[in-house]
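Note: hydrogens, waters and symmetry copies are ignored here, and every other heavy atom, side chains too, is used. Each ligand, and each atom within it, is numbered from 1 in the order the structure gives.
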Amino acid sequence: MVSTSLLPLESPSPAYICPYDQACSYLEEAARELKLDQNILEVLSNPRKVVTVSIPVKRDDGEVQVLAGHRVQHCDILGPYKGGIRYHPAVTLREVSALAMLMTWKCALVGIPYGGAKGGIAIDPKRYSIGELERITRRYTSELLKDIGPSVDIPAPDMGTSAREMAWMMDTYSVNVGHAVPGIVTGKPLSIGGSRGREMATGRGVMIVVREALRDLGNLVIGTRVVIQGFGNVGSAAALLLHEAGAKVIAVSTGSGGVFAEKGLDIPALKAYAAENHRSVVGFPHAEPISNAELLTLPCDVLIPAALENQITEENADQVQAKIVAEAANGPVTLEANRALDARGIIVLPDILANAGGVVVSYLEWVQGLSYVFWDEDRVNRELEYLMVHAYRQVIQQSKARQIPLRVAAYTLGVGRVAQALSDRGLYP
Ligand code: GLU
């Protein structure tokens, strides 16, 4: 067992699955497969820097609330730290640390020169006004000024944040350093150096790997029955692109519940409905209601969990009736559930591959920002397509060559590249 002394222990309910322990288990599994040096494993098991800052925020009614804002920088062996900022009530330091580690392997797997990071604040953004969210984001950014930078650590959107928060971050950073710095964040609005195609990028990446996996099974996207848990940025983009490619998206859910239509949902209409109904799909006409739990076990070809972690566990893994599970969220399938799905021959496209489209186009946005040359959407989508298909093929090849499940294959590729770089660079001093 490796030591992770930088992070405080948590002791919630016995059913609690610690995301950091889970991330370390995946790392250790890859390390065993690679016969990795124990010393390298020890280094990679720990984040390089853990920052928690105090964010005093004046609420609209005058009350002052103090929030904790985290930023965890896991590893910068291959390049600057990179990763999203999450606003969600379930955020903890251990979760943010696990997600930072995942980012390291994800970037290495798809071959972009970044290390992993993640940030988060434990708030439900729906309970804050836009003005309050702006004050929170700006204060959080200013508290992190010394830890972030276009060649140091580049934040991006994650659950609960979007281009709007990135614009506030970019502005706060730029005002403090005295000039506009587009490369400080990715996922920004187009008007300040965002990239075409970034908003749909994670969903597009999901669509690409699902399409490739279907092709390997001898199937086309047309007519494929797809079920999607989560209808936020990623879930809705994947739904729309798969729908446009001819798939039948038969069920979709959000936190408040889901909808099911045997013949397939009209995804553009569902998107418009959710936009008008506080992002909920409940009550959408021409569809039946369905719970999140029922949705995960519907008979279908492709199941896309695009919401929170730990959705497919030992409890429900044996009821999953999909041929392919594509992890659009981070960590939606637990380690044990993944083993159970593997044993049943269900293909699990792991998160660090399936949802890498977002950070790939973040990288393309950063490159455009640094060079002050901006591309059209076709070029962005072509580069994304190339990197995603290439990474997918490598994972399949690694899985076949070593006779290991896809997740272990993806981890061995990501971890192996970082470990190689670490051993080439050596340890300072
Ligand atoms: N939050 C996204 C992820 O988990 C994107 C990160 C980024 O673009 O830096 O991959």
Side-chain angles (χ1 to χ4, degrees), residues 19 23 70-76 78-88 91 95-121 144 148-163 165-166 169-170 182-189 193-195 197-206 208-209 230 232-235 237-238 305-309 326-332 349-369 380 383-384 387-388 391 410 414:
H70 308 295
R71 184 73 179 168
V72 176
Q73 299 172 331
H74 174 253
C75 171
D76 66 346
L78 292 175
Y81 298 107
K82 187 83 191 81
I85 306 283
R86 179 173 286 206
Y87 290 175
H88 190 275
V91 162
E95 185 204 47
V96 174
S97 305
L99 294 168
M101 185 193 276
L102 238 59
M103 286 304 299
T104 301
W105 317 138
K106 192 188 296 187
C107 294
L109 170 63
V110 292
I112 56 179
Y114 287 138
K118 203 75 160 195
I121 305 177
L144 291 178
I148 57 176
S151 52
V152 181
D153 182 353
I154 306 131
D158 196 82
M159 197 180 290
T161 60
S162 65
E165 284 73 18
M166 294 308 111
M169 291 193 90
M170 184 270 191
I184 178 61
V185 288
T186 59
K188 320 179 269 300
S195 177
R198 174 64 183 84
E199 199 153 343
M200 297 288 279
T202 313
R204 187 175 293 279
V206 172
I208 292 169
V209 292
N233 169 277
V234 183
L308 275 177
E309 31 298 18
E327 288 191 316
N330 287 314
L349 297 170
D351 46 11
I352 60 170
L353 171 68
N355 70 28
V359 75
V360 166
V361 178
S362 274
Y363 166 62
L364 302 176
E365 176 177 333
W366 182 69
V367 167
Q368 293 171 74
V380 173
E383 304 274 353
L384 171 66
L387 287 169
M388 291 302 296

Practice task
Determine, using heavy atoms of Arg86 and all atoms of ligand 1, whether some pair is separated by less than 4.0 Å.
Solution key: no
Handout entry: Heavy-atom side-chain proximity of Asp158 to Lys118 below 4.5 angstrom
Key = yes
Practice task
Any atoms of ligand 1 less than 4.0 Å from a non-hydrogen atom of Gly83? List them with their elements.
Solution key: 9 (O)
Handout entry: Protein contact to atom 1 (N) of ligand 1 [nearest heavy atom, distance to 0.1 Å]
Key = Asp158 OD1, 2.7 Å
Problem - Residue and atom name of the nearest protein heavy atom (relative to atom 4 (O) of ligand 1), distance in Å to one decimal - result: Lys118 NZ, 2.9 Å
Problem - Verdict with reasoning, Arg198 to Ser362, per side-chain contact (heavy atoms from CB on, under 4.5 Å) - result: CA-CA 7 Å; Arg198 174 64 183 84; Ser362 274; 3.0 Å; yes
Practice task
Measure the spacing between CZ of Arg71 and CG of Leu144 and express it to the nearest 0.5 Å.
Solution key: 7.5 Å
Handout entry: From Ser162 atom OG to Tyr87 atom OH, the distance as rounded to the nearest 0.5 Å
Key = 10.0 Å
Exercise for the section: Work out whether the distance between some heavy atom of Gly187 and some atom of ligand 1 is less than 4.0 Å. Expected result: no
Completion exercise
Output for pair (Tyr114 OH, Met103 CE), nearest 0.5 Å, gives 9.5 Å
Problem - Test item: Trp366 side-chain N/O and Ser151 main-chain N/O as donor-acceptor pair under 3.5 Å - result: no
Handout entry: Full working for side-chain hydrogen bond (donor to acceptor under 3.5 Å, both in side chains) between Arg86 and Thr161
Key = CA-CA 6 Å; Arg86 179 173 286 206; Thr161 60; over 6 Å; no
Handout entry: Minimum-distance protein heavy atom relative to atom 7 (C) of ligand 1
Key = Ala156 CB, 3.3 Å
Practice task
Indicate, as side chain, backbone, both or neither, the part of Arg198 found under 4.0 angstrom from ligand 1 when only non-hydrogen atoms are considered.
Solution key: side chain
Problem - Where ligand 1 meets Met103 - atom numbers and elements under 4.0 angstrom, heavy-atom basis - result: 3 (C), 4 (O), 6 (C), 10 (O)
Exercise for the section: Name the closest protein heavy atom to atom 9 (O) of ligand 1, giving the residue it belongs to and the distance to 0.1 Å. Expected result: Lys82 NZ, 2.8 Å
Exercise for the section: For Pro157 and ligand 1, answer yes if some heavy atom of the residue is under 4.0 Å from a ligand atom, otherwise no. Expected result: yes
Handout entry: Spacing of CE belonging to Met170 relative to OG1 belonging to Thr186, to within rounding of 0.5 Å
Key = 12.5 Å
Practice task
Run the numbers for me: atoms of ligand 1, each under 4.0 Å from some heavy atom of Asn330, listed by number.
Solution key: 4 (O)
Problem - ligand 1 versus Ile154: contacting region, heavy-atom distance under 4.0 Å - result: neither
Fill in the blank from the handout: Any heavy atom of Ala356 under 4.0 Å from ligand 1? The part involved is neither
Completion exercise
Ser362 heavy atoms within 4.0 Å reach ligand 1 at atoms 7 (C), 8 (O), 9 (O)
Completion exercise
Here the gap from Leu384 atom CG to Met200 atom CE, rounded to the nearest 0.5 Å, amounts to 11.5 Å
Problem - Taking atom 3 (C) of ligand 1 as the reference point, the nearest protein heavy atom with its distance - result: Lys106 NZ, 3.4 Å
Problem - Whether Glu165 side chain and Pro157 backbone form a donor-acceptor pair below 3.5 Å - result: no
